[in-house]
Asks: 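Please find one structure pasted underneath; my questions will follow.
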Amino acid sequence: MDKKKISSKKENRKKIEQKIEVALIELKVALGDKEFNARVEKAAKIFGKGFKIKTETPKAIITKPKPVVSKVKVATPVKKAAVKKTVKKPIQKK
């Protein structure tokens, strides 16, 4: 496996400083070396605040929990038998 190099905040800040120095060479002449370097360091610190350090973590095998299958049967509703109503016939008098 190819291991990635873990970069720290300081290394990231130095990379940003180098890129700013290359981009703003004209200001270095106008401000002077000492003043220019101080401002570049401050700018790199501000730019570097938003970066998160990436660390190499081993890939963990994520297993999904298996759904629990219940062995208990669900009671089905029992239909009541149809009840026949018997109507008494009125007794006739003679």
Asks: Please report the closest heavy-atom contact between Ala43 and Ile20, naming both atoms and the distance.
Replies: CB-CD1, 4.1 Å

Asks: Looking at CD of Glu41 and NZ of Lys14, how far apart are the two atoms once the value is rounded to the nearest 0.5 Å?
Replies: 6.0 Å

Asks: With a 4.0 Å cut-off, would you call Arg39 and Glu35 a salt bridge?
Replies: yes

Asks: Can you tell me which residue among Glu17, Lys19, Lys45 is in a side-chain contact (heavy atoms from CB on, under 4.5 Å) with Val40?
Replies: Glu17

Asks: Taking the side chain as everything from C-beta on, heavy atoms only, tell me whether Phe36 gets closer than 4.5 Å to Val29.
Replies: no

Asks: To the nearest 0.5 Å, how far apart are CD1 in Ile16 and CD1 in Ile46?
Replies: 11.0 Å

